[in-house]
Amino acid sequence: MMLCQICKANPATIHIQEIVNGETNTLHICPECAKKRNLAEGNAANSHFHEMLERLTQVIASSADLKLAELFDAKKPQEEEEQDLQCDVCGASWHAYKKNGKVGCAACYEQFSQLLLEDIELNQHGSVHCGKTPPETVEQWHDPAVSERINLRRELERLRKSLDESIRREEFELAAEIRDKIAAIETELKSAELIPDESAPETPPKKTRARGRRKSS
Amino acid sequence: MIFHPRIRHLASKGPVFIGQGPILSTFLSLSRNIEGFQFPATASANILESVAELTLAAMHHEDVHSLLPSMFQIKHELLTTSDRDLLVERELMERSHTDIAACRVFVCAEDGSTSVLLNGDDHIWLHMTAPGSAFRETWDRMSELESALARHLRFAFHPRYGYLTGAPALVGTGLRITFLIHLPALGLSGRRKRILERLEDAGLTSAPYFPVDGKPAGNLFLISNRTTLGEREEDLGLRMTEVVTAISREEERTRAELISRQKLLFLNACGRAYGLLRNTYLIPTAEALDALSIMKLGADSGVFRQFTRQDWAELLLECQPAHLCCRMNMALSPMERGRCRAERFRERLHGPEAAPEETGPES
Ligand SMILES: [Zn+2]
Ligand SMILES: [Zn+2]
C-alpha cells in the first residue's frame, strides 16, 4: 500500500498528475490532504465533467455523425497515464516497467502489487511460487570487514546528500566539514579494496581469499 | 594484448556442444538478488560495490569455493570487447551482459563449466553448461551451489512471488533452462517452423542460435522456458526434457527417412559440404555454419569415418569471430576473418581419412 505523500500516515487513494515546467509529476495523497489542498475528489470530478460536456458540445457541433463511443475511447489513454505509480523506496516508475520490463527493487513488488499481479498472472504459469525456498537461518553480515565497508558506504551516501543540502542552504563551513568527512571515508574505502583484480593466472591469492579460508576452517 | 590471459586460457578448453544426436547442450542460469539492496538497474555504484564485496566474500567460503573449481574473478571493465565476445561464444556470458556497467564482476570456474556475473540484470547470475540433454545433473549442481551461497547471503524472497528479480518475467524460481538443438532434417522436411511454433502452447519459446538475415544459420535453435512462477524447478526441467526429447526423436526419424529414401542425394550433400570446407580460401560465417550443419548430420549418421562429434564441436567454436581473433591474437576485419576461418577448415580437414566413406579416394 502506498502512503500519502503529504501526511505520510493515511493511505494514498488519490493520484493527481501535475505538469510543472513540462515535466509530469504524480502526486499520491489521501482524501483529507486533498481537501486541504482544495483538490477534493468532488472538485476534480466536476472539472472533468465540465471538460467532457464542453468537448461533447464542440464535437456535436462540428460533426453530427461522430459516434459517442469514439469520444469515450479517446478518453482512455488519459486514464491510463494517470495510473503511473512510483516506488517510494527506489523511485522506479510503473511506466518505466511497462517500457523495459524491469522493476527497481524488492519493494517494487509490493508497491506495484495490484498492477504487477495482473501482469504476472497474464504472463506466468501461475501466480504462486512453488519452487526452492531460502534456508531458515542465514549467516549474513558475519564478515565484519565486509559489513563495516557496507556501513561506511551507507554513511557516504548520507553525507553526500547532506553536502548537497548544505550547499543549497549556503552553509559553506558545514559543507567544508562534510566534504572532509567524505574524503576521509573515500580514502578508507580505497585503502582496503576487497575485490582483487586477477590480471594473470599466476597472481597469488589476495586478502579476501585468505580471510575467507581462515574464517571457515 | 586484446585478450585477458585468463580468458585466452578458457578458449583452449574443450567445447560443450558435443551432445549425442540433435540435442547438443543444456544451459542453466539462475538469478538472485540480495535482500536490502536495490537491483542493479536503479542502484548506485556504492550499493553495487557492496553487493559485489558481499557476494565475493561468500564465494570465498570453503563450502562455496569447493563447488567452483579453481575459480577466478575479473572486474568486467577490465575485459576487452574481444574477451566478452569470446565468453558469449563459449556460452559463459549473455550477449546482453557484454555492456560495461558499474561494478560488474565476472567469476568463472577454470574448467569453464560454471560462470557467475555479479551486477548484471540481477545481483547474482549463476550460469552452467553441460553437453547433451542434462537437466537433472546440471540442476543438482546449480542447486547445490545456490544453497551454499544461501547459507551466507540472504536472498530477496517473497512468500507469494518467490525469488524477486529485476525483471518480473523471471520472478519465482529465477531459473532459465535452455537446450541447444540441431534440426536440419526437420528444416528440410518443412515441418520445423510449425513444430517450434507449437512450443508456445507449452510455455516454451525458441530462437535461432545464429540468426543471419532472419534465417537460422547452421540449423541450430535454442529452446527455453518462458515462465518461472507456479512450477517447481524439477517439474519444469523434466517437462522441458520430455518436449525436447520428443522433438529430437522426430528429427532423428526424419533423418532416417531422408537417408533411406534419398541416400545418393544425402551423400552428395555431405561430400559437397566437406569439399567446400576442405577447399575454401575465404568463407563467411553463415556459409560455414550451414556446411558444418551438414557435416554434423553426416557425422551423426556415420558417413564420416574419422570426423567425430568432438571435431565438429571444436570447429563450430573455432570458426566464430572472437575465437578466430584469439587464435591469431589480433583484431581481424570481416575479410581477414573469412580468410582465417577458411585456413582453419583446410588445416583441420586436410587428410583423406576425414573424407566421406563413399566418396573418399580409396573407394
Ligand atoms: Zn494525507
Ligand atoms: Zn522499488
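Just so it is clear: chains get the letters A, B, ... in the order the sequence lines come, proteins before strands, and each one is counted from 1. Quick caveat, the model's predicted, so the values are computed rather than measured.
A donor-acceptor contact closer than 3.5 angstrom links the side chains of A:Ser127 and B:Arg160. Under 3.5 Å, the side chains of A:Lys132 and B:Thr173 contain no donor-acceptor pair of N or O atoms.
Interface remark: B:Ala169 contributes backbone atoms only to the contact with chain A (heavy atom separation under 4.5 Å). Interface residue B:Tyr161: backbone and side-chain heavy atoms are both found under 4.5 Å from chain A. At a 4.5 Å heavy-atom cutoff, B:Val51 makes no contact with chain A through either its backbone or its side chain. Contacts of A:Leu152 with chain B are absent, with no heavy-atom separation under 4.5 Å from either backbone or side chain. Both the backbone and the side chain of B:Thr228 come within contact range of chain A, with heavy atoms under 4.5 Å apart. For B:Asn33, no part sits under 4.5 Å from any heavy atom of chain A, backbone or side chain. Residue contact with chain A, scored on non-hydrogen atoms closer than 4.5 Å, involves the backbone of B:Leu170 exclusively.
Within the 4.5 Å cutoff, side-chain heavy atoms of A:Ile150 are placed close to those of B:Leu54. With contacts defined as side-chain heavy-atom distances shorter than 4.5 Å, the pair A:Glu110/B:His158 qualifies.
Of all the listed residues (A:Ala107, A:Gly104, A:Cys130), the one sharing the greatest number of non-hydrogen pairs under 4.5 Å with chain B is A:Gly104. When the candidates A:Asn123, A:Thr133, A:Asp119, A:Leu116 are compared by the number of heavy-atom contacts under 4.5 Å with chain B, A:Thr133 comes out ahead.
With hydrogens and angles disregarded, no donor-acceptor distance shorter than 3.5 Å links the side chain of A:Gln124 to the backbone of B:Thr227.
For B:Pro168 against A:Lys102, the heavy-atom pair with the smallest separation is CD-CA, 4.4 Å. Nearest approach of B:Thr42 to A:Cys90, heavy atoms of both residues: OG1-CB, 4.2 Å. Closest approach of A:Cys105 to B:Gln38, counting heavy atoms only: CB-CG, 4.0 Å. Closest heavy-atom contact between B:Ala156 and A:Ala106: CB-CB, 4.3 Å. Nearest heavy atom pair, residue B:Asn46 against residue A:Arg160, reads ND2-NH1, 3.4 Å. The minimum heavy-atom distance between A:Val103 and B:Thr165, with the atom names listed, is CG2-O, 3.9 Å.
A:Leu189 CG to B:Glu53 CD: the interatomic distance, rounded to the nearest 0.5 Å, is 7.5 Å.
Judged by the 6.0 Å and 45° rule, A:Arg153 forms no cation-pi pair with B:Phe37.
Using a 30° and 60° split on the angle between ring planes, B:Tyr163 and A:His129 fall in the perpendicular class, above 60°.
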